[in-house]
Undergrad: 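Structure below; questions to follow.
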Protein chains: 2
Amino acid sequence: MKKNSEKFGPSDKCPVRTVLDRLGDKWSVLVILLLGEKGSVRFSHIQKEIGDVSQKMLTITLKTLEADGIVSRHVFAEVPLRVEYRLTERGETLLPHIQQLSAWAEQNMRHILKDRKQYVA
Amino acid sequence: MKKNSEKFGPSDKCPVRTVLDRLGDKWSVLVILLLGEKGSVRFSHIQKEIGDVSQKMLTITLKTLEADGIVSRHVFAEVPLRVEYRLTERGETLLPHIQQLSAWAEQNMRHILKDRKQYVA
DNA sequence: CAGGATCCACATGGATACTG
DNA sequence: CAGTATCCATGTGGATCCTG
């Protein structure tokens with residue numbers, strides 16, 4: 001049993017923070033879900049599917065996920081250039097958890113949005 | 001079967017975005033995990049456990065979670081004032097998913113941090 | 001096509017002082 | 001104790017232009 005002071009507490013070695021903070025950005029979760037569903041997807045296709053992500057942010061998101069070993073990048077030396085992304089094995093182990101969270105969100109969103117409107121500060 | 005354009009796509013009714021974006025902030029996940037573990041916890045105790053969250057941000061986080069019906073607020077008219085927070089039923093249904101994600105993070109953090117360091121842009 | 005480089009707007013979040 | 005209010009620093013992310 002760990003001490004509580006380690007489980008939460010000042011950021012340093014807290015795994016929830018160091019790892020999950022990354023997933024808290026605007027696009028990572030979407031990308032992981034998309035790759036989990038589509039398999040190997042090229043840059044432009046990801047961008048079209050998501051619809052409103054800028055090139056810059058998609059690039060950053062993919063690089064960060066790649067740095068964390070969650071997605072892998074595959075370059076095809078064609079003309080025009082083609083680059084595809086897919087989940088790594090580590091990414092595949094993360095996927096079901098993201099999917100469950102997504103499913104929960106889908107099931108509860110209507111009630112939550114309703115509560116959110118009725119809530120008075 | 002839904003169209004893909006609805007599952008991801010421009011934010012409007014995407015449940016992942018509207019609901020999970022909130023959990024993507026800096027403190028919500030920590031608070032949910034803490035309440036899930038401790039049950040009913042008072043404001044100052046949450047702040048001490050987390051360690052480096054400001055009053056302002058903890059207040060905002062708790063209010064947002066309350067507005068979404070994930071935590072409930074209970075005031076005890078004592079002197080000095082005591083306010084306790086706990087997960088609602090909805091919050092309890094969310095908890096296991098967060099815990100699994102947290103467990104995944106804990107299991108993988110070492111390798112991820114290692115990869116992160118070795119990654120060259 | 002995939003992305004690098006800038007510049008810039010805004011939202012998030014911290015520090016501090018004050019209140020019921 | 002549990003907030004509220006304000007000011008301010010920074011990070012995140014968008015728009016635009018340019019390159020291999």
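So you know, we letter chains A, B, ... as the sequences are listed, proteins then strands, and number each from 1.
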Undergrad: Could you tell me whether the side chain of B/S102 and the main chain of B/I98 form a donor-acceptor pair under 3.5 Å?
TA: no
Undergrad: Could you state the atom-to-atom distance from CG of A/D25 to C1' of D/dG11 in whole Å?
TA: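 So the CG-C1' distance, A/D25 to D/dG11, works out to 12 Å.
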Undergrad: The side chain of A/Q55 is closest to which nucleotide in this list: C/dG3, D/dC1, C/dC1?
TA: C/dG3
Undergrad: What is the separation between atom NZ on B/K48 and atom C1' on D/dC1, rounded to the nearest whole Å?
TA: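 Rounded to the whole Å, the gap is 11 Å.
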Undergrad: How far apart are the closest heavy atoms of B/L81 and B/R42, and which atoms are they?
TA: O-NH2, 3.5 Å
Undergrad: Using atom CD of A/E84 as one end and atom P of C/dG3 as the other, report the distance to the nearest whole Å.
TA: 12 Å
Undergrad: Could you tell me the separation between the NZ atom of A/K63 and the P atom of C/dA2, rounded to a whole number of Å?
TA: 15 Å
Undergrad: Using the closest heavy atom to pick a nucleotide of DNA chain C for each, name whichever of B/V53 or A/L81 lands nearer the 5' end.
TA: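 Per heavy-atom nearest nucleotide, the more 5' residue is A/L81.
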Undergrad: A/R82 side chain N/O closer than 4.0 Å to the phosphate oxygens (OP1, OP2) of C/dA2?
TA: no
Undergrad: So, OP1 or OP2 of D/dA2: does either fall under 4.0 Å of a side-chain N or O from B/R73?
TA: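 Result: no.
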Undergrad: Taking the basic N atoms (NZ, or NE/NH1/NH2) and the acidic carboxylate oxygens, is any pair closer than 4.0 Å for B/D52 and B/K26?
TA: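 So B/D52 does not pair with B/K26 through a salt bridge.
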Undergrad: Identify which nucleotide among D/dA2, C/dG14, C/dA2 has an atom closest to any side-chain atom of B/M57, counting heavy atoms from C-beta outward.
TA: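 Of the candidates, C/dG14 comes closest.
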Undergrad: Figure out the CG/P separation between A/L58 and D/dT12, and round it to whole Å.
TA: 17 Å
Undergrad: May I ask you to say what B/F76 touches in the nucleic acid, namely base, sugar-phosphate or nothing, with a heavy-atom cut-off under 4.0 Å?
TA: nothing
Undergrad: Out of A/L35, A/V41, A/T61, A/T64, which residue meets the side-chain contact (heavy atoms from CB on, under 4.5 Å) rule with A/V71?
TA: A/L35
Undergrad: From the list D/dG14, C/dG3, D/dT4, which nucleotide is the closest neighbour of the side chain of B/T59?
TA: D/dT4
Undergrad: Quick one: A/Y85 OH to C/dA2 P, roughly how many Å, whole number?
TA: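 From A/Y85 OH to C/dA2 P: 9 Å.
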Undergrad: Measure from NZ on A/K56 to P on D/dG11 and round the result to the nearest Å.
TA: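 My rounded result for the distance is 13 Å.
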Undergrad: Taking only the side-chain heavy atoms of B/F43 (C-beta and beyond), determine which of D/dC1, C/dC1, D/dA2 contains the nearest atom.
TA: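 It is D/dA2.
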Undergrad: Would one find more than 12 heavy atoms of other residues, nucleotides or ligands at under 6.0 Å from atom NE2 of B/H74?
TA: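 Counting other residues, nucleotides and ligands, NE2 of B/H74 exceeds 12 neighbours.
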Undergrad: Could you tell me whether the side chain of A/K26 has a donor or acceptor atom within less than 3.5 Å of a complementary atom in the base of D/dG13?
TA: no
Undergrad: Please report the distance, rounded to the nearest Å, between NE2 in A/H74 and C1' in C/dA2.
TA: 16 Å
Undergrad: Taking 4.0 Å as the cut-off, does a side-chain nitrogen or oxygen of A/S54 come that near to OP1 or OP2 on D/dA15?
TA: no
